[in-house]
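Report on the structure given below.
Every number for a ligand or one of its atoms is a count from 1 in the order of the listing. Note that this is a predicted model, so its numbers are computed, not measured.
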Amino acid sequence: MGFVQEVHVQPQELDRLFDLIVPARRAELRDAVERGTARFSGRTVMNVNSTATGGGVAEMLPALLGYLRAAGIDAQWAVVRGNPAFFALTKRLHNRIHGAEGDGGTLGPSEHEVYRAVMRDNGTELLTLVNAGDLVLLHDPQTAGLVEPLKRTGARVVWRSHIGTDDSNPQSERAWEFLRPYIADADAYVFSRESYAPSWLDRARLHVIPPSIDPFSPKNAELRPEEVSEILSFSGVLDSRATAPPKFRRADGTVGRVDRHADVLQTGPPPRPETPLVVQISRWDRLKDMSGVMKAFATHVAPGSDAHLLLAGPNVTGVTDDPEGSEVLTECIREWGTLPHALRTRVHLACLPTADVDENAIIVNAIQRHAAIVTQKSLVEGFGLTVSEALWKTRPMVASRIGGIADQIEHDVSGLLVDDPHDLTAFAGALLSLLANPERAQRLGRAGKARVRDRFLTDRHLLQFAELTSALFPSDGSA
Ligand code: UDP
């Protein structure tokens, strides 16, 4: 079995993106696309990450690369293969970069050995896909060890970190020291915020590019209210008459069908369609603090409202790049079991089917559209695509004032930010205030959509990508 998995990327027509954005930016984007097409004639833009499904990077790549492909650029996506020891290590690095202790393991010579062995195997195979003059974008710590072998091909190599913390601490510094030798020779670095880059990183090679969402993907595309309710009742998230399997438009334009149900843990029936639903959708990761949301809801929100809570995340099966998932889900289930019966009937834990990426996305889309309030109570957050996703659907949001979340939400204008992510009372107070004032909640949601349209859609991302590539490939076209 090979190490590297090549992921098919469907071209996405740029015209629909042009139709959505303000005219001034349209001309700028058209120009950037034309120059990009000329620049990348005969070159490949190879993206490498560690998973084809789940999490922010896998969410973003299909749209970004799809638009590049439609413009005639050979944009490719490959996924490295790892083993459980490697993914335990990269999860440790992920937690430490976020300033958290994680599994408490070491980052010493034997970890370097585990890391290098996996990188070597994947690197050997990637060398057959990359040529001199190509551009390689390596995403996150799981790919940092590929900088050196891929540079040797004569390609330009960019290392992009989607994670980071504003406040470095000994944990994060130790993790960056581990990665330092691997990323030292990259031609450029991309971080979501400048403060995430370690202090020793060469600022001349640093580019700050926040992520974006694609408004036309199954995750974010418009859905009519009846489509939302059909998807949610069929998948078992809402209590209403089950219908035939609902149809939806896939990323490649073909018609898909929701065939699978969510695994929902609940006492009694799912919430009624008219019940206000507070929702958090995240990977089962401790730093997303699903259990904090549950505690705040049970202790403060449930007694003061008639709302229900839905915590939804992906199914946790198989070997993935996120080995903590099943542990965190198990903890949530245990905590749910300790809630008094009356509260348990109002808290629903859902694992969404992941076998079909588009089916998963359309269920997430429908849940976000149905929610009365969406939360992102992360303790640390690199960016938090779920925030832009919910705002794009005009959902009122309550979220922690940390990392990239604070870039997306302007407090009391496009959502509510809670200063201390550990403060359950303040978090619950923000939720209760919006549940009690639907007009204010709607106002925040509408402002949130406008902010996302302006700053966090694919067009802005493509423009910044164009700037990065013109710095790497000067206009004389020499590689
Ligand atoms: N997501 C999903 N299904 C799930 C849970 C999450 O598709 O069951 C998606 C979510 O909609 C978002 C991405 O995974 O697009 C998570 O990205 P984010 O930046 O919020 O956090 P990350 O997982 O990268 O830390």
Expected rows: ligand 1 N/O, protein N/O, dist below 3.5 Å:
residue: ligand 1; atom: 3 (N); partner: Asn360; partner atom: OD1; Å: 3.1
residue: ligand 1; atom: 7 (O); partner: Lys219; partner atom: NZ; Å: 3.0
residue: ligand 1; atom: 7 (O); partner: Asn360; partner atom: OD1; Å: 3.1
residue: ligand 1; atom: 8 (O); partner: Pro314; partner atom: N; Å: 3.0
residue: ligand 1; atom: 11 (O); partner: Lys219; partner atom: NZ; Å: 2.9
residue: ligand 1; atom: 11 (O); partner: Glu389; partner atom: OE1; Å: 2.8
residue: ligand 1; atom: 11 (O); partner: Glu389; partner atom: OE2; Å: 3.4
residue: ligand 1; atom: 15 (O); partner: Lys219; partner atom: NZ; Å: 3.4
residue: ligand 1; atom: 15 (O); partner: Glu389; partner atom: OE2; Å: 2.4
residue: ligand 1; atom: 17 (O); partner: Gly56; partner atom: N; Å: 3.4
residue: ligand 1; atom: 19 (O); partner: Leu385; partner atom: N; Å: 2.8
residue: ligand 1; atom: 20 (O); partner: Leu385; partner atom: N; Å: 3.1
residue: ligand 1; atom: 20 (O); partner: Thr386; partner atom: N; Å: 3.3
residue: ligand 1; atom: 20 (O); partner: Thr386; partner atom: OG1; Å: 3.4
residue: ligand 1; atom: 21 (O); partner: Lys288; partner atom: NZ; Å: 3.0
residue: ligand 1; atom: 23 (O); partner: Arg283; partner atom: NE; Å: 2.5
residue: ligand 1; atom: 23 (O); partner: Arg283; partner atom: NH2; Å: 3.4
residue: ligand 1; atom: 24 (O); partner: Gly56; partner atom: N; Å: 2.8
residue: ligand 1; atom: 25 (O); partner: Arg283; partner atom: NH2; Å: 2.8
residue: ligand 1; atom: 25 (O); partner: Lys288; partner atom: NZ; Å: 2.8

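- The aromatic rings of Tyr115 and Phe178 sit perpendicular, their planes meeting at an angle over 60°, well past the 30° parallel limit.
- Figure legend: Arg453 and Trp392 shown without cation-pi pairing, the cationic atom not lying both under 6.0 angstrom from the six-membered ring centre and within 45 degrees of its axis.
- Considering Val380, Leu379, Asp289, Leu287 as possible partners of Pro421, the one that fulfils the side chain to side chain contact (heavy atoms under 4.5 Å, CB included) test is Leu379.
- Classification of the His139-His162 ring pair by plane angle, with boundaries at 30° and 60°, yields parallel.
- Relative orientation of the His98 and His94 rings is perpendicular, given thresholds of 30° and 60° on the angle between their planes.
- For Ser168, the side chain to side chain donor-acceptor pair (under 3.5 Å) test picks out Glu173, with sequence neighbours left out.
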